[in-house]
Amino acid sequence: MRIILLGPPGAGKGTQARILTEEYGIVHIAAGDLFRENIKNKTALGQQVEAILKAGTLVPDEITIKMIAARLDQPDCKNGFILDGFPRTVAQAEALEEMLKNKGIALDAAVQMAVDDEALVERVSGRFTCAVCGEGYHDTFKKPHAPDTCDKCGAQGKFTRRADDNAETVRTRLETYHSQTKPILPFYEERGLLKTVDGMAPMKDVTAAILALFGAKKASSQGVQAKKNG
Ligand code: AP5
C-alpha cells in the first residue's frame, strides 16, 4: 500500500499516519520529521533548513525531493509507505510521480484531510510529543493517562513541543498550505487518486474513514479499487 496524506498543519496527518503504519505494517515517511532529525543532529542539511522551518515557509523543492528520493530508496519502503508532508508543491508531486514510475510502482491514493483553518491553531499549539517513542498528544484532545508519562512507552518527563508550534508560525504555515500545497489537489483528482475524509471528526472516526477506503488489515500492495473522488 502506498498512500499520501494531504492537509494543512494540524490536520492530523502525523496522528493518522502513525496508526496506519501499525495497521498495515508499512513505513511512515514524514518530511517534517526528516528535516527535524537533521536539525537535531546538526547535519549540513539541518543547518540549511533550520531557519526555514522556524519561519514556517517551505524548504526549496530541489532539497526536499532529493531527501525523499533517498528515503524511498531504502529497503524498508518495498512493502509500501505513507507519505506525510510530501508532496507539498506541484513540482514535488511531479517529481514523485516520476520517481515511482522509474521504480515501476504506483500510488494507491492521495487522502485529503479536510479541516477548518480556525481549529488548526488550537490543535497545533496544544500539541506535544514523547521524545522517546514519538507518540503524539494534545493538551485538550489527547492527554496522557498519567501526568507527564507516555502511555505508549512509559517514559517520564520526556515530552517535547516543536519550535514551530506557535500561533504566529502556524498562521504562516497555513498561508503556505493554501498558496503552494492546495494546488496539488487537482493534480491527484485528475489521476483519479484523490480521496477526502473529514479531518474535523474525532480521531478514531477519522481513522475509521481512512481504513474504510482501503479495507482489511495488512492489505496487499497491489493497489485498491479507489473510486474517483467527487
Ligand atoms: P511538518 O512537520 O510536515 O508539519 P505540518 O504539515 O505543518 O503538519 P503538522 O505536523 O503540524 O500537522 P499534522 O497534520 O501532522 O497534525 P498532527 O497529527 O500532529 O512540516 C514542518 C515544516 O517542514 C514545514 O513548515 C516546512 O518548513 C518543512 N517541510 C515539510 N515538508 C516539506 C515539503 N514537502 N516541502 C518543503 N518544506 C517542507 O495533529 C496536530 C494536533 O491535533 C495533535 O496534537 C493531535 O493530537 C491533534 N489532533 C489530530 N487529529 C485530531 C482530531 N481528529 N481531533 C482533535 N485533535 C486532533
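Remember, it's 1-based here, ligands and their atoms both numbered in the order they're listed. Hydrogens, waters and symmetry mates play no part in the numbers below; they use all other heavy atoms, side chains included. Here the structure is a predicted model, which means the values were calculated and not measured. Count residues from 1 along the sequence.
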Asks: If every non-hydrogen atom of Pro60 is compared with every non-hydrogen atom of Ile52, which pair is closest and at what distance?
Replies: CD-CD1, 3.8 Å

Asks: For the atom pair CZ (Arg71) and CG (Asp33), what is the distance rounded to the nearest 0.5 Å?
Replies: 11.0 Å

Asks: Under 4.0 Å between a side-chain nitrogen and a carboxylate oxygen: does that hold for Arg161 and Asp139?
Replies: yes

Asks: Does any N or O of ligand 1 fall below 3.5 Å from an N or O anywhere on Val59, backbone included?
Replies: yes

Asks: Taking all non-hydrogen atoms of both residues, which atom of Arg173 and which atom of Asp164 are closest, and how far apart?
Replies: NH1-O, 2.6 Å

Asks: Is the number of heavy atoms from other residues, nucleotides or ligands within 6.0 Å of NZ (Lys103) greater than 12?
Replies: yes

Asks: Could you identify the single nearest non-hydrogen protein atom to atom 52 (C) of ligand 1 and state the distance to 0.1 Å?
Replies: Arg123 NH2, 3.2 Å

Asks: Answer yes or no: is there an ion pair linking Glu22 with Lys152, defined by an N-O contact shorter than 4.0 Å?
Replies: yes

Asks: What is the minimum heavy-atom distance between Cys77 and Val27, and which atoms define it?
Replies: SG-CG2, 3.9 Å

Asks: Do any nitrogen or oxygen atoms of Gly12 come within less than 3.5 Å of a nitrogen or oxygen of ligand 1?
Replies: yes

Asks: Need the ligand 1 atom indices (1-based, order shown) with element for anything under 4.0 Å from a heavy-atom of Gly14.
Replies: 13 (P), 15 (O), 18 (O)

Asks: What residue and atom, counting heavy atoms only, is the protein's closest point to atom 57 (C) of ligand 1, and at what distance?
Replies: Met203 CE, 3.5 Å

Asks: Please check if the side chain of Thr43 supplies one atom and the backbone of Asn41 the other of a donor-acceptor pair under 3.5 Å.
Replies: no

Asks: Relative to the heavy atoms of Arg36, which atoms of ligand 1 are at a distance of less than 4.0 Å?
Replies: 2 (O), 21 (C)

Asks: So, 4.0 Å and heavy atoms of Arg162: is ligand 1 close enough to count as a contact?
Replies: yes

Asks: Which of the atoms in ligand 1, numbered in the order shown and given with their element, are less than 4.0 Å from a heavy-atom of Gly199?
Replies: 53 (N)

Asks: Show which atoms of ligand 1 fall inside a sub-4.0 Å distance from at least one heavy-atom site of Gln92.
Replies: 33 (C), 34 (N), 35 (N), 36 (C)

Asks: Answer side chain, backbone, both or neither: which part of Thr57 comes under 4.0 Å from ligand 1, heavy atoms only.
Replies: backbone

Asks: What protein heavy atom sits nearest atom 18 (O) of ligand 1, and how far away is it?
Replies: Thr15 OG1, 2.6 Å

Asks: Any idea which protein heavy atom is nearest atom 12 (O) of ligand 1, and the distance to it?
Replies: Gly10 N, 2.8 Å

Asks: Identify, by atom number and element, the atoms of ligand 1 in contact range of Tyr137, meaning under 4.0 Å from any of its heavy atoms.
Replies: 44 (O), 46 (O)

Asks: Assess the residue pair Gln156 and Asp148 against the criterion (side-chain contact (heavy atoms from CB on, under 4.5 Å)); give the C-alpha distance rounded to whole Å, side-chain angles, the decisive distance to 0.1 Å, and a yes or no.
Replies: CA-CA 6 Å; Gln156 288 188 314; Asp148 222 20; over 6 Å; no

Asks: Counting each atom of ligand 1 from 1 as listed, which ones have a heavy atom of Ala11 under 4.0 Å away?
Replies: 14 (O), 16 (O)

Asks: Quick check: Lys13 and ligand 1, any N/O pair under 3.5 Å apart?
Replies: yes

Asks: Nearest to atom 32 (C) of ligand 1, what protein heavy atom do you find, and at what distance?
Replies: Arg88 CD, 3.4 Å

Asks: Ignoring angles and geometry beyond distance, decide whether Arg173 reaches within less than 3.5 Å of ligand 1 through its nitrogen or oxygen atoms.
Replies: yes

Asks: So is Asp165 polar-close to ligand 1, meaning N/O to N/O under 3.5 Å?
Replies: no

Asks: So which atom in Phe128 and which in His138 form the shortest heavy-atom distance, rounded to 0.1 Å?
Replies: CE2-C, 3.7 Å

Asks: Heavy-atom contact under 4.0 Å between Pro8 and ligand 1?
Replies: yes

Asks: Which residue holds the protein heavy atom closest to atom 19 (O) of ligand 1, what is that atom called, and what is the gap in Å?
Replies: Arg127 NH1, 2.6 Å

Asks: By number and element, which atoms of ligand 1 are closer than 4.0 Å to a non-hydrogen atom of Thr64?
Replies: 33 (C), 34 (N), 35 (N), 36 (C)

Asks: Lys143 and Tyr137: which non-hydrogen atoms are nearest, and at how many Å?
Replies: C-CD2, 4.1 Å

Asks: Can you sort out which atoms of ligand 1 are near Gly85, meaning under 4.0 Å from one of its heavy atoms?
Replies: 31 (N), 32 (C), 33 (C), 34 (N)

Asks: Looking only at protein heavy atoms, which one is nearest to atom 56 (N) of ligand 1, and how far off is it?
Replies: Phe141 CD1, 3.3 Å

Asks: Taking the basic N atoms (NZ, or NE/NH1/NH2) and the acidic carboxylate oxygens, is any pair closer than 4.0 Å for Lys142 and Glu135?
Replies: yes

Asks: To which protein heavy atom is atom 53 (N) of ligand 1 closest, and what is the distance rounded to 0.1 Å?
Replies: Ala201 O, 2.8 Å

Asks: So, does Gln16 use its side chain to make a donor-acceptor pair with the main chain of Met203 at under 3.5 Å?
Replies: yes

Asks: Check Asp73 with Lys78, please: is the shortest side-chain N to carboxylate O separation under 4.0 Å?
Replies: no

Asks: Considering all heavy atoms of both residues, which atom of Thr169 and which atom of Lys54 are nearest to each other, and what is their separation?
Replies: CG2-O, 3.3 Å

Asks: N/O of Leu53 under 3.5 Å from N/O of ligand 1, yes or no?
Replies: no

